[in-house]
Amino acid sequence: MKTHYNISVQSIRGIIITFLTLLCTLASAQEIAYPTVSDTKISLDSLTCSGTFVHASAIAKDYIYTDKNNNTVTEHPKLTYTWLMSDSVVLVTDYSEATLCTPVKNELLKLVVSNQWDNKDSDTISIPSWGVQAAYKLTVRERDVPHEVTKGDALSAPVNVEFENNSLGNYTVSEWSMGSIARLFDENAVYQFQQPGEYRVALTVTNEYSGCSHTDSTEVVIVTEADIRFPDAFTPNGDGMNDEFRPAYKSIKKYNLSIYNRWGRRIFSSSNPEQGWDGKNGNSEAAEGVYIYICEAEAYERGISFTRKGTVTLIR
């Protein structure tokens with residue numbers, strides 16, 4: 001390509017001395033052709049419960065050129081292997097071999113091989129669902145028992161707990177372990193805890209075809225020890241506060257309460273700890289004063305029972 005150039009020369013006083021018109025020939029600009037990556041291939045070495053083992057091959061040529069000193073220079077490609085599952089990058093490495101997680105669903109495994117000149121090539125293979133991942137959700141069935149007393153995360157027996165299986169993978173067996181007290185094999189489980197203690201709940205799911213198993217044991221159910229206590233006084237005046245004489249209790253299985261006046265006459269009885277005495281003797285209001293109570297109770301824990309005796313003051 002021929003191009004004209006005008007050259008002006010000025011003196012230090014700004015006077016133009018001469019003009020020159022040159023006719024030059026310029027070489028057209030050419031894009032440098034860097035070597036490409038081609039023939040990328042993924043090979044599945046093995047598929048196990050602990051990992052997916054793969055390796056790759058690709059053809060990546062050297063970059064050969066002549067430098068300004070007319071020397072021949074050879075640059076070897078530096079390859080980067082980017083592995084993707086579900087279009088998400090799971091591993092970037094400089095090595096052609098890789099250990100990846102074992103999928104819990106059928107996956108397309110893609111590999112992109114690139115060199116330092118940003119030329120790329122790729123391959124994709126299908127990886128079958130092989131692994132499993134256990135996961136579950138715990139829900140305590142709430143009971144409307146306002147006078148049950150618990151501490152922190154502890155629950156009062158009997159407590160029904162629902163377990164929802166949220167595991168992933170083609171699992172064929174679900175095994176629930178309620179600490180050391182029970183094993184269940186339902187997809188979703190419901191269990192009633194009665195004895196006090198701490199129970200680590202474990203869910204194990206198994207893919208019988210692949211032999212892969214996984215366990216989730218993140219949740220602990222705490223059942224409090226039994227107890228029952230009574231107040232010293234109550235005020236049945238209808239203000240919504242302390243209007244009934246009833247116990248604060250936890251993990252009580254059987255219950256029997258009797259209240260007597262000063263002459264030893266029984267004026268109230270109950271076999272339900274949720275039912276309190278409202279300060280009446282039959283249909284009439286009992287007089288202010290001191291009353292005697294006797295309570296026999298049995299805990300859910302085998303062999304544990306209580307006898308509570310005392311006095312309560314009725315204040316109007």
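No experiment lies behind these values; they were computed from the predicted model shown. FYI, the numbering just counts along the sequence from 1.
Expressed to the nearest 0.5 Å, how far CG of Asn261 lies from CZ of Arg266 amounts to 12.0 Å. In this structure, Ile64 CD1 and Thr72 OG1 are separated by 8.0 Å, a value rounded to the nearest 0.5 Å. The distance from atom CG of Asp62 to atom NE2 of His76, rounded to the nearest 0.5 Å, is 5.0 Å. Residue Ser156 holds its OG atom at 8.5 Å from NZ of Lys250, rounded to the nearest 0.5 Å. Residue Ile59 holds its CD1 atom at 4.5 Å from OG of Ser38, rounded to the nearest 0.5 Å. Going from atom OG1 of Thr36 over to atom NZ of Lys120 covers 14.0 Å, rounded to the nearest 0.5 Å.
Criterion: ILVMFWY side-chain heavy atoms under 4.5 Å apart, direct or through other members. Under it, Val190 and Leu155 are not part of a common hydrophobic cluster. A continuous path of hydrophobic side-chain contacts links Tyr34 to Val73 [ILVMFWY only; heavy atoms under 4.5 Å]. Leu138 and Leu184 fall within the same hydrophobic cluster, where Ile, Leu, Val, Met, Phe, Trp and Tyr residues are linked whenever their side-chain heavy atoms come under 4.5 Å apart, directly or through other members. Residues Trp117 and Tyr65 share a single hydrophobic cluster, defined by chaining ILVMFWY side chains whose heavy atoms lie under 4.5 Å apart.
By the 4.5 Å heavy-atom criterion applied to side chains, Cys295 and Ile228 are counted as neighbours. Between Leu108 and Ser126, some side-chain heavy-atom pair lies under the 4.5 Å cut-off. At least one side-chain heavy atom of Phe268 sits less than 4.5 Å from a side-chain heavy atom of Gln275. Side-chain contact between Leu203 and Asn165 is present, with heavy atoms from C-beta onward closer than 4.5 Å. Using a 4.5 Å heavy-atom cutoff, the side chains of Gln116 and Pro77 are in contact. Using a 4.5 Å heavy-atom threshold, the side chains of Lys78 and Thr80 count as separate. With a 4.5 Å cut-off on side-chain heavy atoms, Ile267 and Tyr291 count as touching. Between Ser269 and Ser258, some side-chain heavy-atom pair lies under the 4.5 Å cut-off.
Apart from Leu79 itself, the hydrophobic cluster it occupies contains Val37, Ile42, Leu44, Leu47, Val54, Tyr81, Trp83, Met85, Val90, Leu91, Leu100, Leu109, Leu111, Val113, Ile125, Ile127, Trp130, Tyr209, where clustering links Ile, Leu, Val, Met, Phe, Trp and Tyr at side-chain heavy-atom distances under 4.5 Å. Other residues sharing a hydrophobic cluster with Val220 under the 4.5 Å side-chain heavy-atom criterion for ILVMFWY residues are Ile222. Other cluster members for Met241: none, since no ILVMFWY side-chain heavy atom sits under 4.5 Å from it.
Residues Asp123 and Lys41 share a closest heavy-atom pair of OD2-CA, 3.5 Å. Residues Ser251 and Ala157 come closest through the heavy atom pair OG-N, 3.0 Å. For the residue pair Gln194 and Val223, the shortest heavy atom distance occurs at O-CG1, 4.4 Å. Of all non-hydrogen atoms in Leu168 and Val104, the two that sit nearest each other are CB-CG2, 3.9 Å. Among all heavy-atom pairs drawn from Ser167 and Val205, the shortest one is OG-CG1, 3.4 Å. Among all heavy-atom pairs drawn from Tyr300 and Ile252, the shortest one is CE1-O, 3.3 Å.
Ring geometry for Tyr199 versus Phe193: interplanar angle of 30 to 60°, hence tilted.
Remark: Arg200 CZ is packed, more than 12 non-hydrogen atoms of other residues, nucleotides or ligands lying under 6.0 Å away. Taking a 6.0 Å sphere around CG of Asp67, one finds it holds more than 12 heavy atoms contributed by other residues, nucleotides or ligands.
Evaluation of the salt bridge (Lys or Arg N to Asp or Glu O under 4.0 Å) test over residues 212-233, restricted to residues two or more places apart or in two chains, returns Asp227-Arg229, Asp227-Arg308. Among residue pairs with one or both ends in residues 98-112, those qualifying as side-chain hydrogen bond (donor to acceptor under 3.5 Å, both in side chains) are Ser86-Glu107; sequence neighbours excluded. For residues 156-171, the pairs satisfying salt bridge (Lys or Arg N to Asp or Glu O under 4.0 Å) are Arg141-Glu162, with sequence neighbours left out. Among residues at least two apart or in separate chains, there is no side-chain hydrogen bond (donor to acceptor under 3.5 Å, both in side chains) pair with a member in residues 276-290.
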### Task
Apply the test side chain to side chain donor-acceptor pair (under 3.5 Å) to residues Ser50 and Thr48: give CA-CA distance (whole Å), side-chain angles for both, the deciding distance (0.1 Å), then the verdict.
CA-CA 5 Å; Ser50 59; Thr48 70; 3.1 Å; yes
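Under a 3.5 Å cut-off, the side chain of Trp176 and the backbone N or O of Asp186 do form a donor-acceptor pair. Formation of a donor-acceptor pair under 3.5 Å by the Thr235 side chain with backbone atoms of Asn237 is not found in this model. Side-chain N or O atoms of Asn207 include none that pairs as donor or acceptor with a backbone N or O of Val132 at under 3.5 Å. Using modelled atom types, one side-chain atom of Asn272 and one backbone atom of Glu274 make a donor-acceptor pair closer than 3.5 Å.
Scanning for disulfide (SG to SG under 2.5 Å) contacts around Cys49 gives Cys212, with sequence neighbours left out. Under the ring-ring contact (aromatic ring centres under 6.0 Å, His included) criterion, Tyr293 pairs with Phe230, Phe245, sequence neighbours left out. In this structure, the salt bridge (Lys or Arg N to Asp or Glu O under 4.0 Å) partners of Arg183, at least two apart in sequence or on a different chain, are Glu175. Every residue two or more places apart in sequence or in another chain that forms a salt bridge (Lys or Arg N to Asp or Glu O under 4.0 Å) with Glu244 is listed here: Arg246.
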Please tabulate, for side-chain N and O atoms in residues 309-316, each donor-acceptor pair with protein atoms closer than 3.5 Å (sequence neighbours left out).
from: Arg316; atom 1: NE; to: Ala286; atom 2: O; distance (Å): 3.0
from: Arg316; atom 1: NH1; to: Pro236; atom 2: O; distance (Å): 3.4
from: Arg316; atom 1: NH2; to: Gly279; atom 2: O; distance (Å): 2.8
from: Arg316; atom 1: NH2; to: Ala286; atom 2: O; distance (Å): 2.9

